[in-house]
Amino acid sequence: MKKRSLAVLMAGVMAASMMTGVVSVYADADSKTLTVGFDAQYPPFGYKDDNGEYVGFDLDLAQEVCDNLGWELVKKPINWDSKDMELNSGSIDCIWNGFTINGREDDYTWSDPYLNNEQVMVVAADSGIEKLDDLAGKNVVVQAASAALDALNSDDNKDLTASFASLTENPDYNTAFMNLDSGAADAIAVDIGVAKYQLSQREEGKYVILDEPIQSEKYGIGFKKGNDELKDTVWEEVLKLYDAGEVDKLAEKYEVADDMLCIVDDEKSDDKKDDAAEDDASDADTAKEDTADTAKDAE
C-alpha cells in the first residue's frame, strides 16, 4: 500500500509540474545527479576510449563541474536524432556534446557559448576537390540531425546543397568515413573539431579539410526550455573552472585549438575595462606632467 500511495503521490507531483511549467534543478533531488546526453561517437567531445570509458572535452568538463558541486555525473549516450525527446521526457538534464546554438536559440535554455566552431567539408586528398564549388555533382554525407545538416539546409547554402548529386544522412561519422573510403561518398560535412580529430586518428595525408567553411557557429550547453536555475548553477561552475585554468588544460588534453575557446567571464571583462580606464587616466596625467615640465623648461 505504501508503494502504491507513493506512486500516486509522485504522479500527482509530476502532473502539477507539467501544468505549472516548473522545471527541477536536477533530475534526482536526493542524490543530486546531473544526467548529460551525448553522442558516444563524437570525438573529441564525447566518445568511448580504449578502456571502454566515456570521455571527451565536454564530458570531462561536465565531470569537473559535478565534482565541484558534489553531484554525481551520469553520462547517457543517446541517439542524436532523439535528443529532444530525451530532454523533454526528463531522461537527461542537458545536452552537452558539441551542441550548436546557432539556429536553435529559441528551442532550449542555453548556457553562454564556450567554443567557436565551423562546419567544413572533408574530402580524400587525391579527389581533386579543392573548393566548395567543386562539390557540384558530388555525393555528400552528413550526420543525421547535426548542425552540419542544418547548415547545408539553410538559406545561406541552398545553392551549394542544390548542386550536390546527393546528400545522405549517416547515423555517425565513422559510417561517413567508411562511405568516403568505399567511394560511396565524395565529401563529408562535419564540425571542424570533429574533422581534425578524425583525421588525426586515420592515415596521415589521406584526407584534407577544405579551406572554405560552410558556416561558422558557437557551441553551448542546452537545457530544457525554462530550466534557468540548473543552467545558472552549471555555468557558474564552468566559469570557475575557466578562471582556474582547468578548461585550458582540457582543451590541450583533447587537442581543441586555443582559438576555439570563447568563454567570457563578465567580471574579468569588467576588470579589464577598469584596468584599461585606469591606464588611460594614468597616461593622461603623465602627459599633463610632461607638458607642464616642458613649459617650465621653456621659461
Side-chain angles (χ1 to χ4, degrees), residues 38-39 41-45 78-85 87 95 97-108 110 113 115-200 202-203 205-220 222 257 259-260 262:
F38 69 101
D39 179 349
Q41 298 188 53
Y42 207 68
F45 303 105
I78 58 174
N79 185 324
W80 201 243
D81 284 350
S82 304
K83 59 185 178 294
D84 291 344
M85 180 190 70
L87 187 64
I95 303 169
N97 187 218
F99 196 26
T100 300
I101 297 174
N102 307 65
R104 301 176 172 134
E105 290 87 348
D106 298 328
D107 299 334
Y108 308 88
W110 288 102
L115 277 179
N116 292 312
N117 185 50
E118 290 181 339
Q119 301 298 334
V120 296
M121 287 288 183
V122 174
V123 299
D126 59 359
S127 66
I129 300 171
E130 298 179 351
K131 54 186 184 298
L132 293 180
D133 287 347
D134 295 337
L135 293 170
K138 304 297 185 182
N139 298 309
V140 178
V141 293
V142 64
Q143 185 182 33
S146 66
L149 178 61
D150 291 341
L152 289 174
N153 286 332
S154 70
D155 289 340
D156 292 339
N157 292 301
K158 61 182 179 181
D159 292 338
L160 171 65
T161 304
S163 74
F164 301 158
S166 67
L167 177 62
T168 304
E169 298 178 30
N170 288 168
D172 55 70
Y173 283 111
N174 286 331
T175 303
F177 273 91
M178 288 174 58
N179 285 329
L180 189 61
D181 290 339
S182 69
D186 300 295
I188 304 171
V190 58
D191 290 6
I192 191 167
V194 177
K196 288 181 176 179
Y197 181 87
Q198 289 283 358
L199 268 58
S200 72
R202 299 172 186 275
E203 182 181 336
K206 187 175 182 179
Y207 312 95
V208 294
I209 301 171
L210 299 188
D211 291 335
E212 294 176 83
I214 305 168
Q215 178 176 283
S216 297
E217 60 194 23
K218 294 183 183 296
Y219 284 163
D259 59 0
M260 290 184 69
C262 65

Flag side-chain contact, heavy atom, 4.5 Å: Gln198 against Tyr207: no
Distance-only polar pair, side chains of Gln143 and Asp39, donor-acceptor under 3.5 Å: yes
Min side-chain heavy-atom separation Asn117-Leu115 under 4.5 Å: no
Minimum-distance pair of heavy atoms, taken over all atoms of Asn170 and Val141: OD1-CB, 3.7 Å
Donor-acceptor pair, side chain of Asp191 and main chain of Ala148, under 3.5 angstrom: no
pair Val120-Leu210: side-chain heavy atoms closer than 4.5 Å: no
Close side-chain approach of Asn139 to Phe164, heavy-atom, < 4.5 Å: no
Salt-bridge contact Asp134-Lys131 (side-chain N to carboxylate O under 4.0 Å): yes
Validation row: Trp80, Phe99 side chains within 4.5 angstrom (heavy atoms): yes
Rounded distance (nearest 0.5 Å) linking atom CG of Asp156 with atom CD1 of Ile214: 12.0 Å
Test item: Val142 and Tyr173 side chains (from C-beta on) under 4.5 Å apart, heavy atoms: yes
Heavy-atom side-chain contact between Gln119 and Leu152 under 4.5 Å: no
Beyond-backbone contact of Ile129 with Val208, side-chain heavy atoms, under 4.5 angstrom: no
